[in-house]
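Only one structure is covered here, and it is reproduced in the block below.
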Amino acid sequence: MVGGGLTIGGWFAGAVIANFVGKARSILEERHELQGDVAKMLLNVQGSLLHIRAAIDVAERRLVVDGAFTDWLQMIKGIASDAEDLLDDFETKRIKASQQNKVSEVEPVFLGREEEEDKLMSIIFPDAAQTDHLGASRMQEVTMGTASVRTVCIVGEAGVGKTALAQVIYNHPNVKEAFDLRGWVFLSERSDLNEFFKKIVRSFAAEQHPFDSDMGLEALQASSEQNLSSIIQNKRFFLVLDNAKDNLQREWRTLSAKLTGGAAGSIVLVTTRSAVLPESKVITLHAMPIDTVSTILEHHALGDNRKDCLKSIAKEIASKMHGLPLSAEVIGRLLRTKLDEKQWQNISRSEWWDNYEDKAITNHALPSLTIALEFLSAHLKECLGYCSIFPSSYLFDKNKLAHMWMCDSMQQHHESVSETREIQWFDELCSRCLVQPTVLKNKYIVNETIKYILASTTQTGCYTVEDSRRPRTNLCGFSYIAINKGDFNVSLGLREHTKVRSILIFDGQRTTRLNTALDAMLPHRSSMRVLDLSCIETNMERPPDVIITYSHLRYLDLSFTGITVFPESFCGLHHLQVLGMRGCRFNEMPRDMNKLVNLRYLYTEVCTLSLIHSIGQLTNLQCLEEFAVNGMDGHRITELKNLNYLGGHLCISNLDKVTCIEEVSDTELSRKMYIQKLVLKWQPESASSDNCMQTLSHLKPSGNIEDLEIQFYMGVLFPEWIANHCHFTMLRYIKFSGCKKLARLPPLGKLSHLKILILQHLEQIQSIGDEFYGGYDRVFPSLEELTFCGMINWQTWLDIKTPQIIPHIRKIVIKNCRRLSDLPKSVLKGSLKELELSDCKEIFRKSPCCLEYLETLKRLKVHNCLGITINIPRKLLASIEVLNLQNCKVCFEGGQEHVHSLRRYLTIDCDEEQNN
């Protein structure tokens, strides 16, 4: 029944019990001094909880309509939570005692909307050949005026596929090629005009500087304060306004006036249920025919499996979906988890199809999404329920959410590696289309319909306090609370709520005396595990003092709050595992920061990290994005020695400040098996060649790294380990930048898994040849992308000797290499699909026929090569799909008629010669 609740409270309690049993066993094994009654008590609790867990497992699948049963589950959850707090207290005492003893990124499949996609593309690119051929004078003529921006609205009910279609268009290669700026804004009903401006500017900045949790506060503020008109001036932009409501219609006249400075052909694409903008072209997405829905359902459910009995059930289910692709995709992914006729029939006969038919509802995606939630496993339901507290249109970071789950989970980790389990859970939810990826890296969103179901049909223990609705008078029944209000000077009844586990706070723009308001609003001495203040939009000088009472706190995010003080007392939060302080600036950090021994993730700028004394004592750290070497005690490179659980991205900077080569060896970098990306960085031109070479020779990383960057290395040669193909079995990305004294490249062609190689500003390199390739029959066997930039003295690129080839090369980029005079024919004749040449006209002067060897090319970009005529051969025009020319003089063999067959042709400030 819609009003009934699924037993998510049971799943929560079960998880608590599982964790308690594990912790109790661990304590009994490790704490041999526990004798008599204490040990007996723990054993009795462990046995009793196992019996309770068995009872919960029996009840887990039933619909909750019995109030007494609901109360029983709530009681169990409270008791289990108290038990976990008790175990935390044991652990806190153990940590304090030990310290006193011391001396000191799923791609969705898009089906069924091909006709609408073609119609949209024809509106964006009106010419049938999608050709934009604008000379300099013409460009100046059309850049200003309201006619330069066209508005297109995709209209349809929830679940019909509006956002999915917009994503396909946004990521289309032709759209990426044709527009100078792209931006995507997720709208909410609360957005006002200033919020629109801010979100649009940030979205353009996000596309130019990949927008994720790594983007600093200064960058965000700077981009928000820029004038929108100046950002888009004379630039062709593509802007998506997703999930538009009536508030966009009200503000559209003012907003659109700000967008008219863009270049001709700029597009605003709006997805909406009903808020159609004036003078816009409209594409309405209707419900799909049953046969199309059935095809989508079969695609996601069966794949290549073609069991006739399952196909017939799939058609039966498809007939109940009101023609919605979202429903087909979600149920299809559910069916695929178990290709079993009985389970498929259970789904087809689910009472939820009929329960919703009796209601006067307009959202026809409700039945299928409810069924999909019902068939989730317990831990996935708990995780998805947690997502329901985020505000409408809030984009959450995948890794951040996984951290929250890890820190709040009743099933605490005992291993010392990253939260692989939570990431797997997240990926599972994403693969089932219950969490949706966005166009921004690692940013996701939960469908509003799913949030509605979670709020109305399940006991998630989650609640969001918003300005748009009156808060409940009693929040004590909720464990997970989000506060999304403009003014925090209100009483929410949280002060005595000791059992709340997670609080996420948003907005607060109208709050005066923020610290006082937060201290009054937040609970005191609670069982808090997760506290996130990073989305408060008003600065505070220091964190709320009440935080020190949260002795069980595992996750604390103070990023972008503007705090300048980290209280000494916070170093007593011994259970803290995740600490975020991005965008905060400190003059000093407490001396006892190194006592946060359970800390796994510390997110902050390098200037803050450099203030932490003896950071090497935080031996559980799994993330340290940058370590700046310093010569003072407690900050030397030897601090890295015992940080063997470091994973992900590590940058070791200021390597020029290494004073003792023996200390470099003590870092034991090769033992750090979890690091995936390593950046080794010197200050530009600040170290001697010999010192650089000795230092780098002792920094050989683990063979497990995937990405390697070396910046401003002043050595003449690289050490042999750089190209050790036997050691590096997973290395796929290399970038050498600013190595101005490097005289010869290492034999990188031997690295069997290398896919991307970037060489920039290697100013002493004059020739590249055999020493680079490595001397095997298969040179660079996996290389796909090769980039050279700023190689100002590079003159010769010798060809590969027969029968050597680069078998998988797909893209070559050469920029600002003004002395380079030729391109190797064997590389061009291979599998090359994309070639970009910019500011390197000597190639065309010395080798005018170089483009004739391009046999497989699909995209050619030539920029800034004035002073020489570039010959575009007829054979190339016959096979190429995209031609992008800027600031150059070109000659088309055979004349202009061959150009019009191109799928995309862009020219700016180009002169053309005819050659018949």
What's the verdict on side-chain contact (heavy atoms from CB on, under 4.5 Å) for Y444 and L429, showing C-alpha distance, side-chain angles and the deciding distance?
CA-CA 11 Å; Y444 295 78; L429 290 174; over 6 Å; no

Using side chain to side chain donor-acceptor pair (under 3.5 Å), reason through T151 and S280 one step at a time and then give a plain yes or no.
CA-CA 5 Å; T151 308; S280 62; over 6 Å; no

Run the side-chain contact (heavy atoms from CB on, under 4.5 Å) check on L434 and V330 step by step: do they pass?
CA-CA 7 Å; L434 299 174; V330 170; 4.1 Å; yes

Just do the side-chain contact (heavy atoms from CB on, under 4.5 Å) check on L239 and I267 with the steps written out, would you?
CA-CA 6 Å; L239 176 64; I267 294 288; over 6 Å; no

Could you walk me through whether T370 and L373 pass the side-chain contact (heavy atoms from CB on, under 4.5 Å) test, one step at a time?
CA-CA 5 Å; T370 305; L373 295 182; 5.8 Å; no

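Considering all non-hydrogen atoms of both residues, K381 and L376 come closest at CE-O, 2.6 Å. Closest approach of I296 and A328 over heavy atoms only: CG2-CB, 3.9 Å. The shortest non-hydrogen separation linking K119 to S122 is O-OG, 2.6 Å. In terms of heavy-atom proximity, S479 sits nearest to V500 at O-CG2, 3.4 Å. When all heavy atoms of P367 and W352 are compared, the closest pair comes out as CB-O, 4.0 Å. Taking all atoms of both residues into account, the shortest heavy-atom contact from A158 to T449 is CB-OG1, 4.3 Å.
Ring geometry for Y601 versus H403: interplanar angle of 30 to 60°, hence tilted.
At a threshold of 4.5 Å between non-hydrogen side-chain atoms, the residues F196 and L248 count as touching. A 4.5 Å side-chain heavy-atom check between L475 and F478 finds at least one atom pair inside the cut-off. Contact check for V175 versus F125: side-chain heavy atoms found under the 4.5 Å cut-off. Using a 4.5 Å cut-off on side-chain heavy atoms (C-beta onward), K400 and D532 make contact. Proximity of E157 to L285: side-chain heavy atoms (C-beta onward) are nowhere separated by under 4.5 Å. Counting heavy atoms from C-beta on, the side chains of L531 and L504 never come closer than 4.5 Å. Contact of the V268 side chain with the V270 side chain is registered, since non-hydrogen atoms from C-beta on lie closer than 4.5 Å. Using a 4.5 Å heavy-atom cutoff, the side chains of R182 and V439 are not in contact.
With rounding to the nearest 0.5 angstrom, the CD1 atom of I503 is 9.0 Å from the CG atom of L492. Taken from OG in S348 to CD in Q343, the straight-line distance is 12.5 Å, to the nearest 0.5 Å. In this structure, the separation between CD on Q424 and CG on L380 is 11.0 Å, given to the nearest 0.5 Å. A distance of 8.0 Å separates CG in D340 from CG in L310, rounded to the nearest 0.5 Å. Taking CD1 of I317 as the start and CH2 of W344 as the end, the distance is 7.0 Å to the nearest 0.5 Å. Distance SG/C433 to NE2/H300: 6.0 Å, rounded to 0.5 Å.
Listed for the K281 side chain is no donor-acceptor partner under 3.5 Å among the backbone atoms of I123. In this structure, E117 contributes its side chain and V168 its backbone to no donor-acceptor pair below 3.5 Å. For the pair K199 (side chain) and V185 (backbone), a donor-acceptor distance under 3.5 Å is absent. Looking at R529, its side chain never comes within 3.5 Å of a backbone N or O of S502 through a donor-acceptor pair. Between the side chain of T272 and the backbone N or O of A244, at least one donor-acceptor pair lies under 3.5 Å. E114 contributes a side-chain N or O that, together with a main-chain N or O of G112, makes up a donor-acceptor pair within less than 3.5 Å. Looking only at distances, a side-chain donor or acceptor of T295 sits under 3.5 Å from a matching main-chain atom of D291. Panel note: side chain R349, backbone I347; no donor-acceptor pair is recorded below 3.5 Å. Using a distance-only test at 3.5 Å, with no hydrogens or angles considered, no donor-acceptor pair links the side chain of S294 to the main chain of I290. Between the side chain of H322 and the backbone N or O of L324 there is no donor-acceptor pair closer than 3.5 Å.
For the ring-ring contact (aromatic ring centres under 6.0 Å, His included) test, residues two or more places apart in sequence or in another chain that qualify with F186 are W184. Contacts of E341 classified as salt bridge (Lys or Arg N to Asp or Glu O under 4.0 Å), with partners at least two apart in sequence or in another chain: none. Applying the ring-ring contact (aromatic ring centres under 6.0 Å, His included) rule to F396 yields the partners F390; only residues at least two apart in sequence or on another chain are considered. Taking the salt bridge (Lys or Arg N to Asp or Glu O under 4.0 Å) definition, one finds that K451 meets it with E448, sequence neighbours left out. Contacts of K315 classified as salt bridge (Lys or Arg N to Asp or Glu O under 4.0 Å), with partners at least two apart in sequence or in another chain: E298.
For the 3.5 Å distance criterion, the side chains of K245 and N243 qualify, holding a donor opposite an acceptor.
Listed by first then second residue, pairs satisfying side-chain hydrogen bond (donor to acceptor under 3.5 Å, both in side chains) with a partner in residues 431-440 read E428-R432, not counting sequence neighbours.
Taking the charged nitrogens against the carboxylate oxygens, D408 and R501 do have a contact shorter than 4.0 Å, which makes a salt bridge. Taking 4.0 Å as the cut-off between side-chain N and carboxylate O, R113 and E116 count as a salt-bridged pair. Electrostatic pairing of K398 and D427 counts as a salt bridge here, judged by a charged N lying under 4.0 Å from a carboxylate O.
Separation of the Y480 and Y463 ring centroids does not fall under the 6.0 Å cut-off.
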